[in-house]
Amino acid sequence: MDSSNDEALDIIVTNVVATFRTRCHLNLRTIALEGTNVIYKPEVGKVLMKLRKPKITASIWSSGKIICTGATSEDEAKLGARRLARCLQKLGFKVRFSAFKVVNVLAVCSMPFAVHLIDFTKNNRPIASYEPELHPAATYRIKNLKATIQVFSTGSLTVTGPNVQNVATAVEQVYPLLFECQKPLCK
């Protein structure tokens, strides 16, 4: 970060998507009839199950693959996944919690200044793209971190990446580029 501006940026993680396997076949009809907080979607071939604490929603397929969304940290995602596995065990399935992996993290962050998007895109051309007719934000992709940053003219950022560490690193990398393209303050 810039030495003259020592205030810390708050990166707020809004969604963590994680997957895991149960290593057994799951009867979706049984889960739908006997489980709590479930929505059976036979046309898609899955069951949606919601947990209240931690607040997550899980898509459950009969193959035993489960995708959990809605957690606000990697630890919360793992706790929710384990609780989900325990719920399935209580329904009589021989569930073994395995292959847990955080696959996506969505976070938001606000810069303490507004950004001139056209200048930002011109300065960082192949990596940054801005199509105001299609989307109000400039897109900045960092290949080595597998992170994508949506930069809005207000200074708001939406960051997606494979884990929380990569999201934080992506914000640290893009901050100096945004700082040099900040809009002057209106008086």
Side-chain angles (χ1 to χ4, degrees), residues 1-20 48 50-59 65-84 99-187:
M1 306 249 175
D2 195 279
S3 58
S4 64
N5 189 9
D6 283 344
E7 66 181 70
L9 293 172
D10 284 339
I11 301 171
I12 301 158
V13 176
T14 57
N15 189 17
V16 176
V17 180
T19 63
F20 74 96
L48 293 176
K50 295 186 178 195
L51 293 181
R52 290 199 184 120
K53 196 170 183 182
K55 192 175 180 188
I56 65 164
T57 302
S59 297
K65 183 176 182 179
I66 300 176
I67 299 176
C68 302
T69 60
T72 54
S73 71
E74 291 181 2
D75 293 336
E76 195 177 280
K78 186 157 191 170
L79 178 72
R82 292 187 77 77
R83 281 209 178 134
L84 206 76
F100 177 83
K101 184 181 178 193
V102 173
V103 291
N104 194 3
V105 174
L106 178 74
V108 292
C109 179
S110 281
M111 295 289 135
F113 50 81
V115 178
H116 199 276
L117 293 179
I118 295 170
D119 290 350
F120 173 72
T121 309
K122 282 180 185 172
N123 294 351
N124 306 292
R125 240 301 134 54
I127 305 167
S129 66
Y130 177 49
E131 297 289 337
E133 299 87 20
L134 301 176
H135 195 267
T139 304
Y140 186 83
R141 287 191 171 83
I142 304 173
K143 289 257 196 289
N144 63 333
L145 295 176
K146 296 180 182 168
T148 303
I149 303 172
Q150 299 281 329
V151 182
F152 293 87
S153 61
T154 58
S156 295
L157 305 180
T158 303
V159 189
T160 55
N163 57 39
V164 174
Q165 184 59 47
N166 283 21
V167 165
T169 307
V171 171
E172 287 173 16
Q173 279 188 17
V174 81
Y175 182 84
L177 305 172
L178 293 170
F179 190 78
E180 64 188 38
C181 297
Q182 67 180 320
K183 285 183 182 174
L185 292 171
C186 299
K187 292 182 181 177

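These numbers come from a predicted model, not from an experiment. In what follows, every heavy atom counts, from backbone to side chain, and hydrogens, waters and symmetry copies are set aside.
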Measuring from [X]:[atom1] to [Y]:[atom2], what's the distance to the nearest 0.5 Å?
| X | Y | atom1 | atom2 | result |
| --- | --- | --- | --- | --- |
| T148 | K146 | OG1 | NZ | 12.0 Å |
| L145 | N163 | CG | CG | 9.0 Å |
| T160 | Q150 | OG1 | CD | 7.5 Å |
| E131 | L134 | CD | CG | 5.5 Å |
| L117 | C181 | CG | SG | 9.0 Å |
| M111 | F179 | CE | CZ | 11.0 Å |

Within a strict 4.5 Å, meaning less than it, do heavy atoms of the [X] and [Y] side chains meet?
| X | Y | answer |
| --- | --- | --- |
| R83 | P54 | yes |
| K78 | F20 | no |
| V16 | E76 | no |
| V151 | Y130 | no |
| Q173 | T169 | yes |
| S59 | L48 | yes |

Atom CD of Q165 with >12 non-hydrogen neighbours under 6.0 angstrom
no
So does K55 have more than 12 non-hydrogen atoms from other groups sitting under 6.0 Å from NZ?
no
Tell me the closest heavy-atom pair linking [X] and [Y], and the distance in Å.
| X | Y | value |
| --- | --- | --- |
| C109 | V171 | SG-CG1, 4.2 Å |
| L9 | S110 | CD2-O, 3.6 Å |
| L84 | C68 | CD2-SG, 4.2 Å |
| F120 | N124 | O-ND2, 2.8 Å |
| A170 | I149 | O-CD1, 3.6 Å |

Option passing side-chain contact (heavy atoms from CB on, under 4.5 Å) with I11 (candidates V167, V164, V159, V108):
V167
Sidechain-backbone polar pair: N15 side chain, G70 backbone, donor-acceptor under 3.5 Å
yes
Got a donor-acceptor contact below 3.5 angstrom from the T121 side chain to the A128 backbone?
no
Where does the angle between the aromatic ring planes of F152 and H135 fall among parallel (under 30°), tilted (30 to 60°) and perpendicular (over 60°)?
tilted
